[in-house]
There are 2 protein chains.
Amino acid sequence: MKSEPDVRQTRRPGRRPGPTETRAAILAAARELFAEKGYDGTSLRAIARAAGCDPALVHHFFGNKEGVFTTAMQFPVTPADVLPRLLEAPPDQLGETLVRIFLEIWRDEERRAPVIAMVRSAMTNEQAATLMREFITTALLRRVAAARGTSLLRAEAAVGQMVGVAILRYVIKTEPVASASEEELVELLAPVIQHYLG
Amino acid sequence: MKSEPDVRQTRRPGRRPGPTETRAAILAAARELFAEKGYDGTSLRAIARAAGCDPALVHHFFGNKEGVFTTAMQFPVTPADVLPRLLEAPPDQLGETLVRIFLEIWRDEERRAPVIAMVRSAMTNEQAATLMREFITTALLRRVAAARGTSLLRAEAAVGQMVGVAILRYVIKTEPVASASEEELVELLAPVIQHYLG
DNA sequence: AGCAGAACTCATCATGTGTTGAATTTAAGT
DNA sequence: ACTTAAATTCAACACATGATGAGTTCTGCT
């Protein structure tokens, strides 16, 4: 999407003047590309091109491709600041609250990107799948199931519902869910989530 | 998974004696590999290796990689012989019937493979995503929504629920849903599907 | 029996991949 | 001011990929 001018036909080797900002640029480009193409579909060279530097620099900062990925994915969603909101919601509005939190995360690209990247990558990459598996079980299922009294299986069905709709909406882009409003989605999904966790 | 002996260090060129069976072998190998690794993660050479032939033969039969994929995916689920069962079910058991049909499809690897392959591939490949998008809307949503009186959006939420759980169960393999029994899943999901389509 | 065409392999091309080591320029520490 | 270390590029390796064209062996039709 972002096509840097790439005017720098030739830049002399050696450290650039001024403070170092390339590392951050690499991570930003990596997040964008991983979200768009998944782990296997994203090459180190494409990241470097988007970040305006040499591929070897990516390698220098992060060791290898796996290093770039795990560093770029560090902070998909921090459940810490989300759980309080969940627990202080009245029990009969738990479903609605949860759906709203999900929708908030998906709202701006900034926060959605790592999640989608993870989903996309986990489909074809075993390592990414492991990452996602652990995130789901330890960060979502256990906490929700522990806080509320529900079984893990029911909690997982709720997660499945949200993940499934997210994939249809943001990856496959099937209508009408792709262009439904957030309010419509709340109305649609909240009762089901409530049913699973109630 | 399947590692042919690969003893044929060197086989003479030219047509093999007997009836032609290599084309079918290639398609079988392709389905297995696409299901395991997705479109982009599967190479023509890997398919040829698994089918015990030269990569060029794959190209000869199907033109190019895209040709192999679309041919291998031709018959993910034929909705024609599934819809009758749906429509003759009593309206208050529609959810359960639908869940059972889905579970049947996922039961044996033979029938599950193309579906999983499609899901995996659609995550990183735009062309596969288009294929899946069209399949979902024309083969699932429209028919279900037309047969029953429900809105497209609600039908899509139901599809999302099933797809989400399938991904958790067969791709990410999160417990406990990965090793839950079919009966447990029916009990878990049928009410929700019924709710969406009722 | 003979021949067109299908099945099949081989060698090869152009391109893209992750990774490495050496060389050069600047920033930081003393 | 000097030195160490960090940031950066370049050139290259070893390998995998999709694709192509030519050549070989068999089947099926007449």
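Small disclaimer: the values here were computed from a predicted structure and weren't measured.
Residue B/Asn64 has its side chain nearest to D/dA19 when only C/dT26, D/dA19, C/dT9 are considered. Of the listed nucleotides (D/dT8, D/dA7, C/dA7), D/dA7 has the atom at the smallest distance from the side chain of A/Arg15. Looking at the side chain of B/Arg12, the nearest of the listed nucleotides C/dA7, D/dT25, C/dC10 is D/dT25. In this structure, the nucleotide among C/dC8, D/dT9, C/dC10 sitting nearest to the side chain of B/Asp54 is C/dC10. When distances are taken from the side chain of A/Pro13 to each of D/dT24, C/dT24, C/dT26, the shortest belongs to C/dT24.
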Show your reasoning for whether salt bridge (charged side-chain N to carboxylate O under 4.0 Å, His left out) applies to B/Glu126 and A/Lys173. CA-CA 11 Å; B/Glu126 182 51 44; A/Lys173 300 193 176 97; 5.6 Å; no
So B/Glu175 and B/Ser179, side-chain hydrogen bond (donor to acceptor under 3.5 Å, both in side chains) or not? Walk me through it. CA-CA 7 Å; B/Glu175 295 297 352; B/Ser179 45; 2.6 Å; yes
Quick one: do A/Thr70 and A/Glu66 satisfy side-chain hydrogen bond (donor to acceptor under 3.5 Å, both in side chains)? Show the steps, please. CA-CA 6 Å; A/Thr70 56; A/Glu66 179 184 333; over 6 Å; no
Check the pair B/Arg107, B/Glu182 against salt bridge (charged side-chain N to carboxylate O under 4.0 Å, His left out), reporting the backbone distance first and the verdict last. CA-CA 9 Å; B/Arg107 184 142 48 209; B/Glu182 293 198 5; 2.8 Å; yes
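The CD atom of A/Gln127 sits 14 Å away from the P atom of C/dG18 (whole-angstrom rounding). As a whole-Å value, the separation of A/Leu57 CG from C/dT20 C1' is 14 Å. The distance from atom NE2 of A/His60 to atom P of D/dA7 is 5 Å, rounded to the nearest whole Å. Atom CZ in A/Phe62 sits about 15 Å away from atom P in C/dG18, given to the nearest Å.
Side-chain contact, A/Glu156 with B/Thr174: a donor N or O sits under 3.5 Å from an acceptor N or O.
The shortest side-chain heavy-atom distance between B/Met162 and B/Trp106 falls under the 4.5 Å cut-off. You'll find the side chain of B/Leu27 reaches within 4.5 Å of the side chain of B/Arg31, heavy atoms only.
A residue-by-residue look at A/Phe61 and B/Pro55 shows that A/Phe61 has its nearest nucleotide of DNA chain D further toward the 5' end.
Stem analysis of DNA chain D (at least three stacked-register Watson-Crick or G-U pairs, each with both distances under 3.5 Å) gives C:1-30 with D:1-30.
Side-chain nitrogen and oxygen atoms of A/His59 include none within less than 4.0 Å of the OP1 or OP2 phosphate oxygen of C/dG18. Side-chain nitrogen and oxygen atoms of A/Arg16 include at least one within less than 4.0 Å of the OP1 or OP2 phosphate oxygen of D/dT9. Close to D/dT9, at under 4.0 Å from its OP1 or OP2, lies a side-chain N or O of A/Arg11.
In B/Glu109, the CD atom is not crowded: 12 or fewer heavy atoms of neighbouring residues, nucleotides or ligands sit closer than 6.0 Å. Counting non-hydrogen atoms of neighbouring residues, nucleotides and ligands closer than 6.0 angstrom, the NZ atom of A/Lys37 reaches no more than 12 such neighbours.
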Check nucleotides 15-17 of chain D for protein N or O atoms closer than 3.5 Å to its own N or O atoms and list the pairs.
| residue | atom | partner | partner atom | Å |
| --- | --- | --- | --- | --- |
| D/dT17 | OP1 | B/Ser43 | OG | 3.1 |

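With sequence neighbours excluded, the residues that form a salt bridge (Lys or Arg N to Asp or Glu O under 4.0 Å) with A/Glu104 are A/Arg85. With sequence neighbours left out, B/Arg45 forms a salt bridge (Lys or Arg N to Asp or Glu O under 4.0 Å) with no residue at all.
Remark: A/Pro17, A/Gly18 in residues 17-27 of chain A come within less than 4.0 Å of DNA chain C through at least one heavy atom.
Applying the side-chain hydrogen bond (donor to acceptor under 3.5 Å, both in side chains) rule to pairs touching residues 188-198 of chain A yields A/Tyr196-B/Gln161, sequence neighbours excluded.
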